[in-house]
Amino acid sequence: MSALLEVTDLTLRFGGVKAVDGLSFEVREGEILAVIGPNGAGKTSAFNCISGFYLPTSGSVVFQGRSIVREVPRLWHSLRLVHLLQSFGFYRVLPSRVTKWGMARTFQNLRLFRELSVLDNVKTAMHANLREGFWSTLLHTPGYRRAEAACAREARGWLDFVGFDDDEELYVGQLPYGEQRRVEIARALATSPKLLLLDEPAAGLNFNEKQALMALIRKVRDLGVAVVLIEHDMGMVMELAERIVVLNYGREIADGTPEEIKADPLVIEAYLGVDDDGAAVDDTRLRTGAVSADAIAAAIGDGAGGASTPLPGTRADQEGDVR
Amino acid sequence: MMQLIWNGIIVGSFYALVALGYSMVYGIIKLLNFAHGDIYMLGAFVGFFTLSSFGISNETSIPLLLVVLLLSMVTTGLIGVGIERIAYRPLRRSPRLAVLITAIGVSFTLEYGVRQIFGPNPEAFPIRLESSGFEVAGVRVTASQLVLVIIAAALMLVLAHIVERTRQGRAMRAIALDPQGAQLMGVNVDRVISTVFFIGSALAGAAGVMAGAYYGSIDFLMGFIIGLKAFTAAVIGGIGNLYGAMLGGLLLGLLESFGAAWFGGEWRDVFSFAFLILFLTFKPTGLLGARVVERM
Amino acid sequence: MARDLAAALKHAPLRAPAPLFDRPAAPRGILDSQRGFMRALGALCVVLVAILPFVDASRYTISIATSALIYVMLCMGLNVVVGYAGLLDLGYIAFFAVGAYVSGIFTTVLGFPMWLALPATILACILAGIIIGAPTLRLRSDYLAIVTLGFGEIIRITANNLEVTGGPSGIHGIPTWEFFGWSFADGFTIGGIEFPERVVFYYFVALVVIVVGVIGAGRLGKGKLGRAWKAVRDDEDAAEAMGINTYVAKISAYIIGAVWAGMAGQLMATHLSAISPNSFQFLYSTLILMAVVLGGMGSTPGVIIGALFVSLAPELLRDFAEWRYLIFGVLLVVVMLFRPAGLWPATAVLPWLKKRRPQPPPFTAAIGAVDEAASTGGDAVEPSVMESVDGLPATDAEEGRRG
Amino acid sequence: MSHGTRRRTRTLQLAAAASLILVTAGCSGGLGGDGGGGGDADGPISFGMLAPFSGSESAFGAYMENGAQLAVDEINADGGVLGRELQLVVEDDACDATTAVAGANKLVTDGIVASVGGYCSGATLPTLPIFDEAGIPMVIPAANANSLVEEGLPGVFLINGTGTQQAAAAVQYAEQIGATSVAAIDDATAYSADLAASFVEQAADAGLDVAFEATVTPGENDYSAVATQLADEQPQLIYWTGYYQEGGLIARQSSDAGFAGAFLVGDGSVDAKFAEIAGDGYTDNVVGTFTQTPDMIEGADDWIADYTELAGAAPGPYSTQSYDAVRVMAQAIEDAGSTEFDDVVAALEGLDGFETFAGPLTFTESHTLSGGGFVIVSIDPATGAFVLKDDLQG
């Protein structure tokens, strides 16, 4: 069976720093894949390349047989016009297009539309699937009314699916954090994806909420949607993921089943940052906000927990700033 | 030709002084301080008010100018700090749009507040610089122009020193790079922002006084156009970059000088705004601005 | 029914499961639903405005009322740009100028009747919207603000310097509407009431256009396009991730704003019969912005109130004309500091409806384990920990403060 | 049930409110009612004046209002017009078309009989058809763009010399000093651009060499571009047609740049502020075209004193024109013996040699002044004020 998403040799440079360095992996239909790695390992940057937000320096991303990275003619390169053209949507695939192709994503730090109601947040995601034109909106034609009704019904369907049971007319800012996370997943699902990218969906959730989230992710998988998640909570990853890709310093250091990963010496070293003597944690890793060694050891060790909480990390959009 | 260049440098040094404040404030809190041009106007009026309340008029002394300059700088600096405290600080976590609109409100308040106090008519500035001229390489240079350029250059040097060499300057650069990080490192962000507003406003105030002394006429709307031009200059140089602001100011002055000579004075503003748009379209980071990473 | 609805959507690989329960029908009635009340209020306002000439048909009243109506149209257009799409446009008056000048030139220089100038105006405004929007809309909001300001000035200066626009004295003698030899200026009698002066008659024309304009802008704000605009306003990246081409969404907001302003410009040109570049200064862009901000960005009733305030205040307080801009400046700051959503915020709920918010949907066991766990979990969470600050998950922010 | 009832009562209330308003409507001047008019025959006669009291030109409003008010007071002291008292109603036009139209309509609604205002041509133009439709004759004191009378509305009279006349005076002066090359600079406002264009045209007709014609943006401080151009081209006379603020700056900067010809300014720049802005030593070659002001006319000290007493400030630009506009209009009404539009217009057209500050006034066929009454003024180095230099009569 062919892969849904193929990432080959993906590289992203910020100035002199390689945020992603030769990353290759693939996602098969209907599987749950976890991408893990210490903070600053380039996970979110990779996500951003895959979903079209960043333009990778090199490499290819192929989703359902369609390439997300566009070839840029050398001529444009030499004229230095390529950035301008790309910002207008030429020689690149815009994230909105990637979404229309069937890849949805969530963001590391919640990015709901704060001044829209819960229902409208989800409706917004159906933008591409809605048959509504300018004139039909102006004139409120029957077609428009039907489309709006269908849109509302579909949105409610997704809200019910994720188990949102509060008032759909509330503004998202009024919801507790856990509920917002759920709305964000409903919103991503409403774009009708084949592949769902979740960026740290469990960040800031408590134990019960995490359990609910895992159940939800399985339910999504059962719909036939492949799920790729970035997650720091090892317990959750080990329990949920069918396959795990481990990144460190933008490079892929391991790819395998949870069992394989647990046993991989490279992974243990990357996480613990210790040599055989158990010497001090490498200070670069501390600076990049590496996770507490004890917590990781515990998490990898028993695999069940959820005891670890994410520690302060750099925000996704600041990754490129660290020079 | 050489004359056009010299004219451009004169105008450009005004633009540069005002652009510096724009750029500093933008660099540190990413706010387009619309009211900045009006601080320039305020500087001129502070000078006017001080001098005329001492009954001075038609004076040509440079020491007196320096005293008034200093006084105006302190006053406008404090006003700038006050504006930040009252109007901008409470909105620091609000959407950009809110702060921008507030800045427009502040600009209006300053302009029409001054209009209510001093009236709508232009006023003659009480200090006039000697403008006996001499020719150098086919360029007519007046003494007042020289004084002007020297003061502007001195102020910029002082600023460069502050930013590059002092603790405050380091703190400013740190905040500009990473506000949260700087806070974690124990930088008092509020204080540094106040300092930036003080310095930026003081420079604009200085430019205002110098404009008064050089041109001789001040009015309550004099800050509007120069505010726009200074912003254009800041963008051309690379907003957030101090040397960029200086370079952009001079460059814009030159561009305008030649543009007005070629296309006629009535098209001068069209020319510079068109330039702003071109720059933002093709090189939004400006000449010296850091490359902005294409990010989400 | 469900099949019908499904057909209303485009084909997509994944459909939501049916909702687990039916939502209660939305309440109707004037006092029981926000929508009903707003409609009734709107109708009442239209009636009141329509009977104004029967109360006071003096030229002055009708003239300022017409101007105020045109301002409402203009502000509704800016509301699409600023309120819905969140694009700060400081040169919006430029589109008003384009509309006024195009209709002025078409009727006086080229000699077309006014109704033929309408398509030309709309076309010109669409073009202007694209020309101004295309290079600038990919910029961040603050750059956009200053670029639009520059464009506004460019248009004004150009109008001031060109021959065809009449230079600084502008265009005068713009005719009123006429259809095949019958002109509004001729006076008119309907149902025994004589409309003696074109001023009065024109008032009704303006009223009709503006009602259509207000309803149209409101409807656009609620549909697919409106949701896309608001999404772009709230979070551009998230909107892009939801399949919205944000560039297209922004430019469409811009074009619609431009067309609304252009139509207002044409109405104004006919109303005043003369236009000059002086009326299109930056000051007026700010005044319109002021109206939108003061009333409430994105809120139709708010914007109407704001527009009426800004256009009528100087007339009602003519003695305060000199203080006007100072007061407006201070108001702008004060509103932003203390009531950023405006007088009538877009999210306002009528006070007596607040208590009657629809009850949360009933809990259904059928949702399954997910929900059981989630609901208990959700309840256990202390809001203080869960609140997010500045888009950071709470934990991060907390840590940050401690550090 | 309760819902339905409540709704019905509500609707009833609304209907009641609406009908109440309609009833009150019947009582006041709604559609079909009296739309204003000349007021009653014994009450005061109202003159309306539109002038800028806000916006960028707001300084001129007070000068105009006070000048007109002085004339009204004097006429009333002499027994009024047609035995009725005269009254001045002032509205702000902010130099903006929208405000001006609202103001004009307000004046019409207030029942003015004649209009004696109009400062900015751009704002005055759209008010003309409004006054015309309402049958109100206009004597416009300040605005003087040629387009004002181009439409040929019967009730429009200009008592400020038009650009054409002022330009003629400027050309006459240029010839008088023997200048062969001239240039014109305007500030892109209607009045200024008109005047400059007219000057260039007439200078070319008179065989003078027009070195260049430039436009500057008002409100800026730096005019070095045009100053450099002046220094390069060295015309013997430059005609600046804009206002004093920019004029003073250009005079100074062009002198610094090395321009040495005559600096002739239009009436918008004739103000004591000009010398203040230009600074000492920069006004030696400055002359202006201007209509006579009281301080140039011998024996006008009394007038200045009266004005100063009334206004609390010295008269400024267009004070005299506004004063004269009221007197001209009052005279015409007196001559006509009524306030009817046609009679007043006929009387205005029939005025012959009516004494004004600008000299004896007779309207031409196009309702402008027969003689512009322009004189040449220069700056008195001691006070900075403009004083009469040459009345161009010889």
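Residue numbers begin at 1 in each chain, while the letters A, B, ... track the order of the sequences. Quantities reported herein were computed from a predicted structural model and do not represent experimental measurements.
- Here the side chains of F108(B) and L283(C) are in contact, with some heavy-atom distance below 4.5 Å.
- Counting heavy-atom neighbours within 6.0 Å of R191(B) CZ, excluding the residue itself, gives a total of 12 or less.
- For I327(C), no part lies near chain B; criterion is any non-hydrogen pair under 4.5 Å.
- With contacts defined as side-chain heavy-atom distances shorter than 4.5 Å, the pair L326(C)/T109(B) qualifies.
- With contacts defined as side-chain heavy-atom distances shorter than 4.5 Å, the pair I277(B)/I154(C) qualifies.
- Ranked by heavy-atom pairs under 4.5 Å with chain C, the first of V235(B), I101(B), T232(B) is I101(B).
- Annotation: the span from Q281(C) atom CD to F224(B) atom CZ amounts to 9.0 Å, rounded to 0.5 Å.
- Ring geometry for F231(B) versus Y143(C): interplanar angle over 60°, hence perpendicular rather than tilted (30 to 60°).
- For V330(C), the parts lying under 4.5 angstrom from a heavy atom of chain B are both the backbone and the side chain.
- When each of L88(C), L331(C), I146(C) is checked for heavy-atom pairs under 4.5 Å with chain B, I146(C) comes out on top.
- Of the listed residues (P135(C), G329(C), G86(C)), the one with the most heavy-atom contacts under 4.5 Å to chain B is G329(C).
- Taking 4.5 Å as the limit, every side-chain heavy atom of V147(C) sits out of range of all side-chain heavy atoms of F273(B).
- Residue P340(C) does not touch chain B at all, counting heavy-atom pairs closer than 4.5 Å.
- Between L90(C) and I104(B) there is a side-chain heavy-atom pair separated by less than 4.5 Å.
- For a residue to count as touching a neighbouring chain, one of its non-hydrogen atoms must lie under 4.5 Å from one of that chain's; by this rule F271(B) does not touch chain C.
- For M297(C), the part lying near chain B is the side chain, with the backbone staying farther off; criterion is any non-hydrogen pair under 4.5 Å.
- Comparing I157(C), N160(C), V335(C) by how many heavy-atom pairs each has under 4.5 Å with chain B, the most go to I157(C).
- Using a 4.5 Å cut-off between heavy atoms, L228(B) touches chain C through its side chain atoms alone.
- Few gaps surround CZ on F258(B); more than 12 heavy atoms of other groups in view lie less than 6.0 Å from it.
- The CG atom of L91(B) lies 8.0 Å from the CE atom of M336(C); values are rounded to the nearest 0.5 Å.
- For chain B, the nearby part of L149(C) is the side chain; its heavy atoms alone come within less than 4.5 Å.
- Comparing A98(B), P90(B), A103(B) by heavy-atom pairs within less than 4.5 Å of chain C, the highest count is held by A98(B).
- If you tally non-hydrogen atom pairs under 4.5 Å between each of L289(C), T136(C), V333(C) and chain B, the highest count goes to V333(C).
- Within a 6.0 Å radius of CZ in R85(B), other residues, nucleotides and ligands contribute 12 heavy atoms or fewer.
- In this structure, chain B has no heavy atom under 4.5 Å from any part of V334(C).
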